[in-house]
Amino acid sequence: MRFAAIADVHGNYLALEAVVADIRQNGIRDIVNLGDMASGALDPRRTMDALMGLDAVHVLGNHDRYLIDRSPEQMGSWDRPAHAQLDTHHLDWLRTIPASRIFKDRVYLCHATPASDEMYWLETVMADGTVRMAPLLQIEEIARGVEQELILCGHSHLARAVRLSDGRLIVNPGNVGCPGYRDTHPYPHLIETGTPEARYAILEDAKDGWQVTFRHVPYDHAAMAELAHRNGQPELAAALATGWIG
């Protein structure tokens with residue numbers, strides 16, 4: 001069993017194209033997508049068209065949910081512009097996507113955690129804005145009730161793997177299309193990956209257990225940074241250009 005996991009495309013169709021090409025060059029057919037597909041100051045329409053045409057297993061992210069569970073007036077600065085560019089068939093397709101699912105009976109998929117699409121699983125945010133690894137006991141408590149040996153999540157945009165004390169493995173493949181952002185929940189903080197490449201992970205069931213390969217894929221990130229600038233998102237533009245907010 002060998003497959004690729006992607007997450008957090010956020011409307012970055014050039015990064016998505018590069019990642020899918022790299023996946024195919026590695027001889028991989030099966031892809032799971034962990035959500036947050038369109039929202040952002042880039043090109044949600046083209047990205048959604050590509051994802052809807054991709055033979056993949058999808059779960060819904062929090063920003064995907066925001067596009068379909070509230071009016072445009074209630075949406076945030078990343079979701080409202082994306083909603084305006086999407087057609088009814090894009091939104092109807094998102095409504096068919098579940099918040100979690102089981103892949104081939106052995107892999108649990110969700111965007112953030114089983115109970116929440118807005119909470120980091122493998123990271124914790126301190127009151128001073130520092131982002132660090134969550135304590136193992138906290139990670140394991142969130143995993144209570146998940147029976148699958150491999151668990152995949154996204155949301156934090158940070159590529160990471162954590163082995164639980166019972167042997168289960170939780171993997172965040174990192175972000176495809178958004179290497180940095182500013183958030184206010186639960187405290188104001190920054191996420192910065194430090195490089196502009198698109199990220200994903202290859203998972204393989206080997207003799208001694210699951211092997212994880214994190215891939216960093218170059219693409220024309222300067223073009224997407226310029227698009228973010230034109231669309232009035234200078235912090236996203238900086239992150240796309242460098243991997244840092246500022």
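Keep in mind it's a predicted model, so treat the numbers as computed, not measured.
Taking the side chain as every heavy atom from C-beta outward, Leu122 and Ser156 never approach each other to under 4.5 Å. In this structure the side chain of Arg2 reaches within 4.5 angstrom of the side chain of Ile202, judged on heavy atoms. The shortest distance between side-chain heavy atoms of Glu123 and Ile191 does not fall below 4.5 Å. In this structure, Tyr66 and Glu118 have side chains that are in contact, with non-hydrogen atoms separated by less than 4.5 Å. The side-chain heavy atoms of Val146 and Pro114, taken from C-beta on, include a pair separated by under 4.5 Å. You'll find the side chain of Val171 reaches within 4.5 Å of the side chain of Leu150, heavy atoms only. Looking at heavy atoms from C-beta onward, Pro196 lies out of side-chain contact with Met224 at the 4.5 angstrom threshold. Under the 4.5 Å side-chain criterion, counting only non-hydrogen atoms from C-beta, Asn12 is not in contact with Thr47.
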Working note: Gln233 + Leu42, criterion side chain to side chain contact (heavy atoms under 4.5 Å, CB included); need CA distance, chi angles, decisive distance, verdict. CA-CA 9 Å; Gln233 291 284 348; Leu42 299 174; over 6 Å; no
Using the rule given for side chain to side chain contact (heavy atoms under 4.5 Å, CB included), can you reason through His90 versus Leu51, listing the C-alpha separation, both sets of side-chain angles and the distance that settles it, and then say yes or no? CA-CA 10 Å; His90 297 124; Leu51 286 169; over 6 Å; no
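The hydrophobic clustering, which links ILVMFWY residues whose side-chain heavy atoms are closer than 4.5 Å, places Val131 and Met126 apart. Both Leu54 and Ile97 sit in one connected hydrophobic cluster of ILVMFWY residues. Membership requires side-chain heavy atoms under 4.5 Å apart, directly or through other members. The same ILVMFWY cluster, assembled from side-chain heavy atoms under 4.5 Å apart, contains both Met37 and Ile31. Residues Ile6 and Val59 do not share a hydrophobic cluster, clusters being chains of Ile/Leu/Val/Met/Phe/Trp/Tyr side chains in contact below 4.5 Å. Both Leu227 and Tyr219 belong to a common hydrophobic cluster when Ile, Leu, Val, Met, Phe, Trp and Tyr are linked at side-chain heavy-atom distances under 4.5 angstrom.
In this structure a side-chain-to-backbone donor-acceptor pair under 3.5 Å is missing from His216 to Arg199. The closest donor-acceptor contact from the side chain of His229 to the backbone of Pro234 lies at 3.5 Å or more, if one exists at all. Side-chain N or O atoms of Gln138 include none that pairs as donor or acceptor with a backbone N or O of Pro135 at under 3.5 Å. Here the side chain of Asn175 pairs a donor or acceptor atom with the backbone of His157 at under 3.5 angstrom. The closest donor-acceptor contact from the side chain of His58 to the backbone of Gly35 lies at 3.5 Å or more, if one exists at all. Checked by atom type and distance alone, the side chain of Trp244 never pairs as donor or acceptor with a backbone atom of Ala238 at under 3.5 Å. No side-chain donor-acceptor contact under 3.5 Å links Asn33 to the backbone of Val57. Judged by distance alone, the side chain of Arg215 and the main-chain N or O of Tyr200 form no donor-acceptor pair under 3.5 Å. A donor-acceptor pair is defined here as one N or O able to donate and one able to accept, closer than 3.5 Å; such a pair exists between the side chain of Glu192 and the backbone of Ile245. Under the 3.5 Å distance criterion, the side-chain polar atoms of Asp205 are left unmatched by any main-chain donor or acceptor of Trp210.
In plain terms, the two heavy atoms of Leu109 and Phe103 that are nearest each other are CD1-CB, 3.9 Å. In this structure, Ala112 and Cys153 approach most closely via the heavy-atom pair O-CB, 3.5 Å. Closest heavy-atom contact between Val212 and Ala201: CG1-CB, 4.4 Å. The minimum heavy-atom distance between Ile151 and Ala143, with the atom names listed, is CD1-CB, 4.4 Å. Among all heavy-atom pairs drawn from Ser39 and Ala82, the shortest one is CA-CB, 3.8 Å. Closest of all the heavy-atom pairs between Asn172 and Phe214 is O-CE2, 3.3 Å.
Put simply, CE on Met133 and CD1 on Ile139 are 4.5 Å apart, with the number rounded to the nearest 0.5 Å. Separation of atoms CD (Gln74) and NE2 (His83) is listed at 11.0 Å; rounding is to 0.5 Å. Here CE of Met75 is found 8.5 Å from CD of Glu73. Values are rounded to the nearest 0.5 Å. Here the CG-CG distance, from Asn62 to Asp8, works out to 8.0 Å after rounding to the nearest 0.5 Å. A distance of 8.5 Å separates CD1 of Ile23 from CG of Leu16, quoted to the nearest 0.5 Å. Atom CD in Glu235 sits 7.0 Å away from atom CG in Leu190 (nearest 0.5 Å).
A salt bridge does not link Arg70 to Asp79: none of the charged side-chain nitrogens sits closer than 4.0 Å to a carboxylate oxygen.
Within 6.0 Å of CZ on Arg230 lie more than 12 heavy atoms contributed by other residues, nucleotides or ligands. Crowding of Asp166 atom CG: a count of heavy atoms from other residues, nucleotides or ligands under 6.0 Å exceeding 12. The number of heavy atoms from other shown groups lying within 6.0 Å of CG (Asp128) is above 12.
Ring-plane geometry between Tyr181 and His189 is classed as perpendicular, the angle between the planes exceeding 60 degrees on a 0 to 90 degree scale with a lower cut at 30. Aromatic ring orientation, Trp78 versus His63: tilted (interplanar angle from 30° to 60°).
A salt bridge (charged side-chain N to carboxylate O under 4.0 Å, His left out) with Glu149 is found for exactly one of Lys104, Arg106, Arg168, Arg163, namely Arg106. In summary, of the residues considered (Leu34, Leu203, Val19), a side-chain contact (heavy atoms from CB on, under 4.5 Å) with Pro173 occurs for Leu34 alone.
Considering only residues two or more places apart in sequence or on other chains, Asp117 meets the side-chain hydrogen bond (donor to acceptor under 3.5 Å, both in side chains) condition with Arg65. Applying the side chain to side chain contact (heavy atoms under 4.5 Å, CB included) test to Ile68 and every residue at least two apart in sequence or in another chain returns Leu60, Leu91, Leu94, Arg95.
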